[in-house]
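Worksheet: one structure, shown below.
All ligand and atom numbering here is 1-based and tracks the order in the structure.
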Amino acid sequence: MKVKAPDWFADWFDTAYYHILYKHRDNTEAKRFLNNLMAHTQLPKNTRILDLACGRGRHAMQLFELGYTVHGLDLSSSNIAFANKFTQKGLSFEVGDMRNDLGENQYHAVLNAFTSFGYFEDDQSHQAVFNNIYRALKPEGHFYFDYLNAESLGEIPTKPEEKTIEGIHFKIQRRLEDRHVIKEIQVTDGTKSFTYCEQVALYYASDFVEMLEKAQFEIVEQWGDYNLNKFEANHSPRCIIMARK
Ligand SMILES: C[S@@+](CC[C@H](N)C(=O)[O-])C[C@H]1O[C@@H](n2cnc3c(N)ncnc32)[C@H](O)[C@@H]1O
């Protein structure tokens with residue numbers, strides 16, 4: 001799988017427009033997911049977790065509230081500037097790239113939430129990220145991975161979707177190309193207009209299992225939504241995998 005516009009993610013996720021378009025993906029959603037996940041996995045408190053591609057830190061902050069020591073890392077400097085307003089002992093953030101080394105034996109758990117993967121040049125680049133995560137984990141450390149479920153996506157609408165949120169107009173044209181779902185996003189903000197792109201690789205759950213096992217992970221559990229219902233390839237909205245080093 002090859003992407004057409006490398007590094008689109010460095011622009012789009014760094015804008016305020018991304019956060020306006022996805023404002024429904026909020027702290028309440030993060031709280032529901034992590035309350036369920038942490039209750040289920042029983043990770044001891046005071047352990048150290050990396051929120052990898054943390055965005056503005058909605059999951060990191062929730063994990064911190066649950067009693068964990070949390071570090072968030074994200075490529076977007078404006079996301080990290082926002083998250084840094086909440087920094088305190090046990091909660092820290094940093095600008096960084098998951099394609100680079102994440103250290104060795106550093107974390108009891110790593111979270112990669114809300115399709116923060118699938119953006120890169122080719123399969124090898126994605127495999128390298130899983131390898132980095134494996135290396136960054138302590139022995140028996142957990143990796144929680146949350147991605148869209150490509151098998152349940154259904155028909156991609158041919159007509160563009162248009163909506164106005166907080167006075168900003170978005171026109172979104174979706175298409176499938178080369179096993180990627182590609183969104184062209186036209187933003188109109190008063191008299192200014194911009195075009196952004198989102199391109200996510202359509203990996204299936206079985207692809208992730210293969211890639212994680214190749215990185216030497218053991219697959220522990222798989223769920224299909226933030227309430228941790230069982231994963232069903234044809235219906236589940238999410239593909240959530242817990243793997244162990
Ligand atoms: C869909 S957003 C999700 C953010 C956050 N996990 C959440 O749920 O709110 C994807 C995030 O991945 C980050 N990202 C993209 N490429 C990255 C990279 N190479 N390394 C680290 N973060 C990256 C973006 O900056 C963005 O904040």
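Proximity of the aromatic rings of Y203 and H126 is defined here by a centroid distance below 6.0 angstrom, and this criterion is met. Centroid-to-centroid, the aromatic rings of F130 and F145 come within less than 6.0 Å. In this structure, F143 has its ring center at least 6.0 angstrom away from the ring center of Y134.
Against a heavy-atom cut-off of under 4.0 Å, S76 is close to the following atoms of ligand 1: 25 (O). Listed by number with element, the atoms of ligand 1 under 4.0 angstrom from any heavy atom of A53 are 4 (C), 5 (C), 6 (N), 12 (O), 13 (C), 22 (N). Atoms of ligand 1 lying under 4.0 Å from at least one heavy atom of G55, given by number and element, are 4 (C), 5 (C), 27 (O). Atoms of ligand 1 found under 4.0 Å from any heavy atom of D97 (numbered from 1 in listed order, with element): 18 (C), 19 (N), 20 (N). Atom numbering of ligand 1 starts at 1 in the shown order; those under 4.0 Å from a heavy atom of C54 are 5 (C). Interface atoms of ligand 1 facing F120, defined by a heavy-atom separation under 4.0 Å, are 19 (N). The distance from ligand 1 to the heavy atoms of G96 drops below 4.0 Å at these ligand atoms: 20 (N), 21 (C).
Counting only heavy atoms of the protein, atom 7 (C) of ligand 1 lies nearest to R58 NE, 3.3 Å.
A donor-acceptor contact under 3.5 angstrom links the side chains of H169 and T164, judged on distance only. For the residue pair Q106 / H71, no side-chain donor-acceptor distance below 3.5 Å is found, with atom types taken as modelled. For the residue pair Y18/N79, the side-chain donor-acceptor check at 3.5 Å is not satisfied.
Compare A60, S125, S116 by their heavy atoms: the one nearest to atom 3 (C) of ligand 1 is in S116. When F9, W8, F13 are ranked by how near their heavy atoms come to atom 26 (C) of ligand 1, first place goes to F13. The heavy atom nearest to atom 25 (O) of ligand 1, considering only N79, D74, L75, is found in D74. In this comparison of W12, F117, Y18, F33, the heavy atom closest to atom 2 (S) of ligand 1 sits on Y18.
Relative to the ring axis of F93, R56 does not place its NZ or CZ within 45° and under 6.0 Å from the centre. A cation-pi contact, defined as under 6.0 Å to the ring centre and within 45° of the axis, links R58 to F114.
Taking a cutoff of 4.0 Å between a charged side-chain nitrogen and a carboxylate oxygen, D123 and R179 do not qualify as a salt bridge. Electrostatic pairing of K23 and E166 counts as a salt bridge here, judged by a charged N lying under 4.0 Å from a carboxylate O.
Residue contacts with ligand 1, taken as heavy atom pairs separated by less than 4.0 Å, involve R99 solely via side-chain atoms from C-beta onward. At a heavy-atom cutoff of 4.0 Å, ligand 1 is contacted by no atom of R56, backbone or side chain.
Heavy atoms of G57 come nearer than 4.0 angstrom to ligand 1 in no pair at all. Within the 4.0 Å heavy-atom cutoff, Y22 does not count among the residues contacting ligand 1.
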